[in-house]
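Comments concern the structure below.
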Amino acid sequence: MINVTKTYLPNKKNYQKYVDEIYANGWITNNGPLVQKLENRLAKYLGVKNIILVSNGTTALEIAYRTLDLKGYAITTPFSFVATTSSLVTNGLHPIFADIDLDTLNIDPNKIENLITSNTSAIVPVHVFGNACNVEAIDKIAKKNNLKVIYDAAHAFDVKYKGKSILNYGDISTLSFHATKLFHTIEGGALIINDDSLVQKARYLINFGIKNTESIPDLGTNAKMNEFEAAMGLCMLDEIENIEKQREILYFTYKKELDEVVKFQQQNENSTLNYSYFPIILDSQEQTLKIQKALNSKNIFPRRYFYPSLDTLDYIEPKQFMPNSRDISERILCLPLYPELTKAEQMEIINIIISTIGITNEK
Ligand SMILES: *Cc1c(COP(=O)(O)O)cnc(C)c1O
């Protein structure tokens, strides 16, 4: 079976070495030495100032909203993984959607400003599939209207914008280190905080709001990463360059073979790629489902990322209708992309897509 992704398991001996360390010192969670080591290494590797590791990417978003004291409405994209929106709702915030650009698949900055009211406290864009948002336009709107910006950068590990980490934009960026992501810690995530004065508060918030044995200044939660997860991250980091290289080859093979057959996401010219996803945009939902069915019959499972569009969620108030996001969500597929995918498997996927589209077009 070929899935859209396959969890990368780094060198076992390397992992065992860390497990031996954990057993020797008996420290398995609560900001242990491996969590600290991974924070230091990631800050250097990614080129960011302040990074805080947490238990997953969803909590990272939640801690970001709480660190910034957000209230009321947050303008966000309807085309993302559900956690971008559900994390707002579970924290008492109302998602107000700005529709996406049909080419970049990111929030359209031109659609943001009209939605701002006195109740708006933030913008929560997503670098969809690692494609950098128009960060300059978004940050300008935010400054002008005194809004906070939290980038859900779950897909944007290691993406550079104009030569620097994309994570340095906005007030806070969040990462997900879930097993299915490019870089993972089994479960995990991180906050990248650009304002030094907010770092301490975020650190209290991930540990029940506790400052020290006598003082609990904030309403916190438990969002700590443990040592076994940090060990996985350290092992992944040892191999990440190689992982990205293998993905790059597969990425460009898809791109070359499917060029002029399907539409691709338009990439931000100022930013690098991390080859984390390979989305293809088809002509119609009918064609999309045909391709999905043809691939499924050969035990190949692309994913309809992202489907459904988040403006269709029942629990969203107020109700909204986002035509571009709904349109794209109905005719997009993410193709299998992971280091172990063989050239032969990839060519089979490509051939099935090309022949299925050929049949559809002849009718
Ligand atoms: C994966 C993902 C999340 C959630 O991260 P978890 O670590 O799974 O909680 C949030 N936003 C986006 C865009 C994601 O892809």
Side-chain angles (χ1 to χ4, degrees), residues 3-8 35 38 42 51-66 74-91 93 95 97-98 100 104-107 122-133 138 149-159 166-167 169-170 172-192 206 221-226 228-230 232-233 236 265 274-279 302-311 313 325 328-329 332-334 337-338:
N3 271 317
V4 65
T5 191
K6 184 172 181 186
T7 297
Y8 188 88
V35 163
L38 183 58
L42 278 174
I51 183 165
I52 300 180
L53 293 173
V54 293
S55 50
N56 60 63
T58 308
T59 349
L61 286 165
E62 295 181 339
I63 298 286
Y65 309 149
R66 294 197 205 181
I75 297 170
T76 186
T77 172
F79 188 71
S80 181
F81 182 60
V82 62
T84 313
T85 275
S86 62
S87 60
L88 288 166
V89 178
T90 53
N91 282 275
L93 291 151
F97 296 117
I100 56 167
T104 67
L105 310 185
N106 284 329
I107 195 167
I123 309 173
V124 183
V126 179
H127 304 297
V128 174
F129 307 129
N131 188 28
C133 287
I138 292 169
V149 183
I150 299 93
Y151 284 103
D152 180 344
H155 300 173
F157 185 85
D158 209 12
V159 169
I166 189 72
L167 306 171
Y169 284 84
I172 299 181
S173 289
T174 63
L175 292 167
S176 165
F177 299 153
H178 183 255
T180 54
K181 302 294 204 276
L182 172 66
F183 170 89
H184 79 87
T185 60
I186 310 171
E187 291 273 0
L191 292 104
I192 287 79
I206 70 169
T221 185
N222 179 2
K224 301 186 300 288
M225 178 179 280
N226 69 53
F228 292 89
E229 289 169 334
M232 182 60 79
M236 286 295 293
Q265 179 185 30
N274 65 6
Y275 316 109
S276 49
Y277 298 87
F278 199 90
R303 270 294 290 270
R304 298 186 76 190
Y305 278 145
F306 296 102
Y307 182 87
S309 177
L310 299 176
D311 55 313
L313 292 170
S325 176
I328 293 292
S329 68
I332 191 164
L333 286 177
C334 280
L337 180 63
Y338 50 86

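Both counts, for ligands and for their atoms, begin at 1 and track the order of listing.
Aromatic ring centres of H155 and Y277: separated by under 6.0 Å.
Among residues two or more places apart in sequence or in another chain, the side-chain hydrogen bond (donor to acceptor under 3.5 Å, both in side chains) test is passed with T221 by none. Taking the side-chain hydrogen bond (donor to acceptor under 3.5 Å, both in side chains) definition, one finds that N274 meets it with S276, sequence neighbours left out. Remark: Y307 engages no residue in a side-chain hydrogen bond (donor to acceptor under 3.5 Å, both in side chains) (not counting sequence neighbours).
Listed as neighbours of ligand 1 are N56, G57, T58, S80, F81, A83, T84, D152, A154, H155, S176, H178, K181, G188, each bearing a heavy atom under 4.0 Å from the ligand.
Within a 6.0 Å radius of NZ in K6, other residues, nucleotides and ligands contribute 12 heavy atoms or fewer.
If you take OH on Y305 and OG on S80, they are separated by 11.0 Å, rounding to the nearest 0.5 Å.
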